[in-house]
2 protein chains.
Amino acid sequence: MIQKYKNEEKVLVAVDCIIFGFDQQDEELKILLIKRNFAPEKGKWSLMGGFLHADETLKDAATRILHSLTGLHNVYLEQLKAYSEIDRDPVERTISVTYYALINIEAHDVELIKKNSARWFKMSNCPKLIFDHNEMVNDAIERLRYRASTQPIGFELLPVKFTMRQLQKLYEEIMDEKLDKRNFTKKINSFNILEKLKEKNKKSSKKGSFLYKFNQQKYQQKIKNGFGFKI
Amino acid sequence: MIQKYKNEEKVLVAVDCIIFGFDQQDEELKILLIKRNFAPEKGKWSLMGGFLHADETLKDAATRILHSLTGLHNVYLEQLKAYSEIDRDPVERTISVTYYALINIEAHDVELIKKNSARWFKMSNCPKLIFDHNEMVNDAIERLRYRASTQPIGFELLPVKFTMRQLQKLYEEIMDEKLDKRNFTKKINSFNILEKLKEKNKKSSKKGSFLYKFNQQKYQQKIKNGFGFKI
DNA sequence: TCAAAAGTGTTCACCGTACACCCATGG
DNA sequence: CCATGGGTGTACGGTGAACACTTTTGA
């Protein structure tokens, strides 16, 4: 039998999730936060997190944590960074690895988030969070911006059918800047990954705007060939 | 006293360093690897690593590990990613966080690397490494490419005085493609972060090429203002 | 009929890229 | 004097950015 690393110190490893959603009602980018009902910092807002178990990878843990809060499977997840300041958690030395998740805000389990005392916050109105969680959120937005400018990441956040305006609004929220609709449409179309449907969405205007759907096949093709995506 | 997280499982956390250097003799990008003189996989090539101690951050650990191998202080270090496959280390469950380091290959302590049975390998000729270390190296190169195309990172790898040709060769090694020297010079000069010296380096040609030096002040300024660096 | 959002092309400036010749020097 | 690498400028095409009017339809 192979000898173990006997003299090394073990530490607690946590996983925290920065969960992004795009609220189609008010067209705003939001993050899902929980009100802690346990010590320390009980009653304060926090990212959803948990400890890494011995039988799972970090991504497994993030998936489990995400599922326990939203009821969702198959969520877009990307590892961000490990945080390791000695006293970041006042209870005990804990390092935390963050993942950010992109979910369709309409699809999550409303009961579950109630049970977890969770709530969606506008990105632009993020409350003070426990520990180093605000730093984590800031790092996540930065990464989200980078990803969104490199890949058509936004699709994870929208329903299956969406309008060009919704897609543009989403990008504007992520990038935190206004975009020109003619240039935006042109650019998106040039990637040739959308399918224009015959249906219109009439909620947002009298004229109504055409719905689009994401062409998975063309998209996967592009991913393989490295995209030239750049917003 | 605050209660501890009693029922949670702790794990071993390692830090592994991908150490890049630019060899000015043969103008090649290299990485520093060690031959393990301990089990498991004794005698195999590996990244330099170690376990995280209770009283240090991940970056502290990376700094300590790097110093123990190279004798260098104040090295450029950037966290890459956490690796957490259950059996990645066959001895015991260990998650590893990688850092990549950029060092001036001329400045390291030759005795120390001998003592650690370490050796510089051409990037293009990286041997098979233990565990998931090859994957770590590949991820590190990818990140290095991104950084180098975004910031003038190459300076960390060169001596204080260097020629435009050396800088270009370095970028060619990192990007793994030939660059046009007129365009390269033009681009670098446009950033206005170099200081052209009166001296020439005559080693590489009869005419000799002018030496440059990095203008720290202008550079810091640029960093603050977000650079427009793009190679 | 009017208000409100959707849809659609063109022009211009700038940047990245391609490309070739002369210069200085040591041997 | 010649071989070797160093240094320099221009022309072209493509892409990003700015910009305004017409269409549809519910109220």
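Keep in mind that this is a model prediction, so the values were computed, not measured. The chains referred to below are lettered A, B, ... by the order of the sequence lines, with proteins before strands, and numbering in each begins at 1.
In this structure A/Y76 satisfies the ring pair (Phe, Tyr, Trp, His ring centres under 6.0 Å) test with no other residue, sequence neighbours excluded. When the ring pair (Phe, Tyr, Trp, His ring centres under 6.0 Å) test is applied to A/F162, the partners found at least two apart in sequence or on another chain are A/F155. Remark: A/K186 engages A/N183 in a side-chain hydrogen bond (donor to acceptor under 3.5 Å, both in side chains) (not counting sequence neighbours). When the side-chain contact (heavy atoms from CB on, under 4.5 Å) test is applied to A/K115, the partners found at least two apart in sequence or on another chain are A/L112.
In this structure, B/F184 atom CZ and D/dT8 atom C1' are separated by 16 Å, rounded to whole Å. Rounded to whole Å, atom P of D/dT25 lies 14 Å from atom CG of A/N201. Atom CZ in A/F210 sits about 15 Å away from atom P in D/dT23, given to the nearest Å. Look at CZ on A/R165: it is 10 Å from C1' on C/dT8, rounded to the nearest Å. Between A/K203 atom NZ and D/dT25 atom C1' the separation is 18 Å, expressed in whole Å. The separation between B/K187 atom NZ and D/dG7 atom P is 20 Å, rounded to whole Å. Put simply, NZ on A/K178 is 17 Å from C1' on D/dC19, counting in whole angstrom units. The distance from atom CD1 of A/I188 to atom P of C/dT8 is 14 Å, rounded to the nearest whole Å.
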For residues 124-135 of chain A, which side-chain donor-acceptor pairs fall under 3.5 Å, sequence neighbours excluded?
unit_1, atom_1, unit_2, atom_2, d
A/D132, OD1, A/R88, NE, 3.4
A/D132, OD1, A/R88, NH2, 3.0
A/D132, OD2, A/R88, NE, 2.7
A/H133, ND1, A/L47, N, 3.0
A/N134, OD1, A/L129, N, 2.7
A/N134, ND2, A/P127, O, 3.2

Verdict with reasoning, A/D139 to A/Y83, per side chain to side chain donor-acceptor pair (under 3.5 Å): CA-CA 11 Å; A/D139 289 345; A/Y83 296 78; 2.6 Å; yes
Annotated protein contacts, base or backbone, on nucleotides 19-27 of chain C with a non-hydrogen cut-off under 4.0 Å, one of B, S, - each: BB--BBBB-
